[in-house]
Amino acid sequence: MYTAALKQLETKIDTINEEFKTLHKYNPIEHVSSRIKSKQSISNKLKKKGLEPTHENIVKTINDIAGIRIICSFIPDIFKIADMIENMQGITILKKKDYVTNPKPNGYSSYHLIVSVPVSLSIGTIDVKVEIQIRTMAMDFWASLEHKINYKYEKQIPKSVKKELRDCAKMTQKLDKRMSHLGRNLMEQEEQTVKEITTEYTTVYTTAATALLSENASL
Ligand code: 0O2
C-alpha cells in the first residue's frame, strides 16, 4: 500500500512539473526521489519514541514509512510546489513543518508535508500516510552530508563538528538566498510571458464560445 501511495503521488508531482514547464517555461523541480523506510530504521524510530514494535504503533506513529523528496532550484519554488500539492484533489494534508522559514537549531532546512493518499485495495480503500520533503539542492547537500556524519558518529557528534555543521548550514542559507535573488529576475520575465499566454487563451476561448452561442441561437 505504501508503494501504491508513492506511485500515485509521483504521477501527481510529475503533472505539476509538466504544467509548470508549459506555463512558466522553466523546470522548478530538479529531481524527485522516493523510498520506503527500512525495517531497521522503523524499529530505531520506535525505540527512540519509547514504543514497542507493534503494527499499530508503526501505522499510528511513524509518518514517513513512505517518503518522497522533491529537490527544487530556488527557495520560492519550494513554497509554490507546496502550495500546488496542498491544493491537489484527492489528497489530505495532515501536517506541515516549515523548516525553511524556521530552520532546526542544528541548521536543518526543508519543507515537510505529511499527506494522506487513498489507496484502493481488493479489501477496500485505505488512507496511507506519505511524508513529502521539499528542499533546494543546497539544503539537500547539507542534509545528506549531515545524515552521513550523524551515522558515522552514531548520533554522538562532537561539539566542534556540530558547530562546523551549523556554520555550513548558514553558508548554504546565504547561497540559497543569493541564488534565489538571481532566480527572481528570471521568474519575473517568465511571469510576464504567463500573463501574455493567459490573455491569449482567454481571448481564444471567449471568441470560440461566442461563435458557438450565436450558432446555437440561429439553429
Ligand atoms: P531518515 O533516516 O532520513 O528516514 P514526527 O513524529 O513527525 O514529529 P519526525 O518524523 O522525526 O517526528 O519528524 P521530522 O523532524 O520532520 O523528521 C522527519 C525526517 O526529516 C527525518 O526522518 C529526516 O529524513 C529528516 N530530518 C529531520 N531533521 C533532520 C536533521 O536534523 N538532519 C537531517 N539530515 N535530516 C533530518 P528520520 O526518520 O529521522 O531519518
Side-chain angles (χ1 to χ4, degrees), residues 1-7 9-10 13 29-72 75 77-79 81-83 85-86 91-117 127-176:
M1 67 188 188
Y2 288 107
T3 309
L6 283 179
K7 272 190 189 158
L9 269 174
E10 275 171 330
I13 292 163
I29 299 177
E30 292 292 332
H31 59 265
V32 178
S33 59
S34 65
R35 64 104 182 90
I36 302 279
K37 210 173 181 68
S38 69
K39 283 181 195 166
Q40 189 57 48
S41 187
I42 293 173
S43 155
N44 289 347
K45 204 155 185 173
L46 282 173
K47 246 186 229 159
K48 213 172 99 188
K49 288 176 186 267
L51 296 168
E52 289 295 314
T54 65
H55 183 255
E56 201 188 352
N57 282 341
I58 292 173
V59 174
K60 270 193 185 161
T61 67
I62 312 280
N63 293 327
D64 63 342
I65 294 178
I68 292 195
R69 191 167 287 159
I70 304 174
I71 311 300
C72 300
I75 296 172
D77 295 334
I78 296 178
F79 296 103
I81 287 162
D83 221 47
I85 293 175
E86 285 167 28
I91 66 164
T92 311
I93 308 295
L94 302 176
K95 210 176 190 182
K96 292 182 216 179
K97 285 187 191 174
D98 181 0
Y99 298 126
V100 176
T101 313
N102 300 302
K104 286 175 78 165
N106 64 353
Y108 177 77
S109 198
S110 189
Y111 193 96
H112 293 187
L113 288 171
I114 308 291
V115 304
S116 158
V117 186
D127 287 323
V128 181
K129 281 190 273 186
V130 179
E131 183 191 67
I132 306 176
Q133 298 183 347
I134 316 169
R135 50 172 83 149
T136 62
M137 287 182 279
M139 291 173 192
D140 192 51
F141 172 62
W142 183 93
S144 303
L145 297 189
E146 191 261 4
H147 194 273
K148 265 189 196 156
I149 291 168
N150 239 318
Y151 190 76
K152 188 169 162 59
Y153 286 106
E154 291 171 344
K155 309 230 169 186
Q156 304 292 315
I157 307 184
K159 267 189 182 164
S160 58
V161 179
K162 276 189 186 169
K163 187 187 171 301
E164 191 73 12
L165 281 168
R166 276 197 303 274
D167 289 348
C168 289
K170 278 185 196 142
M171 284 162 75
T172 54
Q173 281 157 20
K174 270 194 193 150
L175 177 65
D176 258 339

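Heads up: numbering here begins at 1 and tracks the sequence. Read the numbers this way: they start at 1 and go in the same order the structure lists the ligands and their atoms.
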Mark up the atoms of ligand 1 that fall under 4.0 Å of a heavy atom belonging to Arg35, in ascending order. 4 (O)

Please identify which atoms of ligand 1 are closer than 4.0 Å to at least one heavy atom of Glu131. 18 (C), 19 (C)

Could you tell me, atom by atom, which parts of ligand 1 come under 4.0 Å of a heavy atom of Lys97? 5 (P), 7 (O), 8 (O), 12 (O), 13 (O), 14 (P), 15 (O), 16 (O)

Answer with side chain, backbone, both or neither: which part of Asp64 has a heavy atom less than 4.0 angstrom from an atom of ligand 1? side chain

Have a look at Gln133, His112, Lys49, Lys95 and point out the one with the heavy atom closest to atom 17 (O) of ligand 1. His112

Between Thr136 and Ile71, does a side chain to side chain contact (heavy atoms under 4.5 Å, CB included) hold up when you go through it step by step? CA-CA 5 Å; Thr136 62; Ile71 311 300; over 6 Å; no

Is the distance between the ring centroids of Tyr111 and Phe79 under 6.0 Å? yes

Sub-4.0 Å atoms of ligand 1 with respect to non-hydrogen atoms of Tyr99: 14 (P), 15 (O), 16 (O)

What verdict does the side chain to side chain contact (heavy atoms under 4.5 Å, CB included) test give for Cys72 and Ile81, after you've listed the backbone C-alpha separation in whole Å, the side-chain angles of each residue and the deciding distance to 0.1 Å? CA-CA 9 Å; Cys72 300; Ile81 287 162; 3.6 Å; yes

For atom 36 (C) of ligand 1, the closest protein heavy atom turns out to be Tyr108 CE1, 3.3 Å

One residue to check: Gln40. Relative to ligand 1, which of side chain, backbone, both or neither has a non-hydrogen atom less than 4.0 Å away? neither

Considering only protein heavy atoms, which is closest to atom 34 (N) of ligand 1, and at what distance to one decimal place? Glu146 OE1, 2.9 Å

Just jot down the ligand 1 atoms closer than 4.0 angstrom to any heavy atom of His147, in number order. 1 (P), 2 (O), 3 (O), 34 (N)

Take Asn63 and Lys95 through the test side chain to side chain contact (heavy atoms under 4.5 Å, CB included) and record every step on the way to the result. CA-CA 10 Å; Asn63 293 327; Lys95 210 176 190 182; 3.9 Å; yes

Backbone or side-chain N or O of Trp142 under 3.5 Å from ligand 1 N or O: no

Between Lys129 and Asp64, does any side-chain N to carboxylate O distance fall below 4.0 Å? no

Looking at Leu113, Val115, Val130, which one forms a side chain to side chain contact (heavy atoms under 4.5 Å, CB included) with Ile91? Val115

Suppose I only count heavy atoms of Asn106 and a 4.0 Å limit; which atoms of ligand 1 are within that range? 30 (C), 31 (O)

With heavy atoms of Asn63 as the reference, note each atom of ligand 1 found under 4.0 Å away. 7 (O)

May I ask you to identify the nearest protein heavy atom to atom 4 (O) of ligand 1, giving residue, atom name and distance to one decimal place in Å? Lys37 NZ, 2.6 Å

Lys/Arg-Asp/Glu bridge criterion (N-O < 4.0 Å) met for Glu86, Lys96: yes

Give the intermediate values and the outcome of side-chain hydrogen bond (donor to acceptor under 3.5 Å, both in side chains) for residues Asn57 and Thr54. CA-CA 5 Å; Asn57 282 341; Thr54 65; 3.2 Å; yes

Ranked by distance from atom 10 (O) of ligand 1, the top protein heavy atom is Lys45 NZ, 2.6 Å

Between Lys45 and Lys37, is a side chain to side chain contact (heavy atoms under 4.5 Å, CB included) present by the stated rule, with each step listed? CA-CA 10 Å; Lys45 204 155 185 173; Lys37 210 173 181 68; 3.8 Å; yes

Polar contact flag for Thr61 and ligand 1 (N/O pairs, less than 3.5 Å): no

Which of the atoms of ligand 1 are close to Ala143, meaning less than 4.0 Å from one of its heavy atoms? 34 (N)

Kindly determine whether Tyr108 and Arg135 satisfy side-chain hydrogen bond (donor to acceptor under 3.5 Å, both in side chains), including the steps that lead there. CA-CA 10 Å; Tyr108 177 77; Arg135 50 172 83 149; 2.8 Å; yes

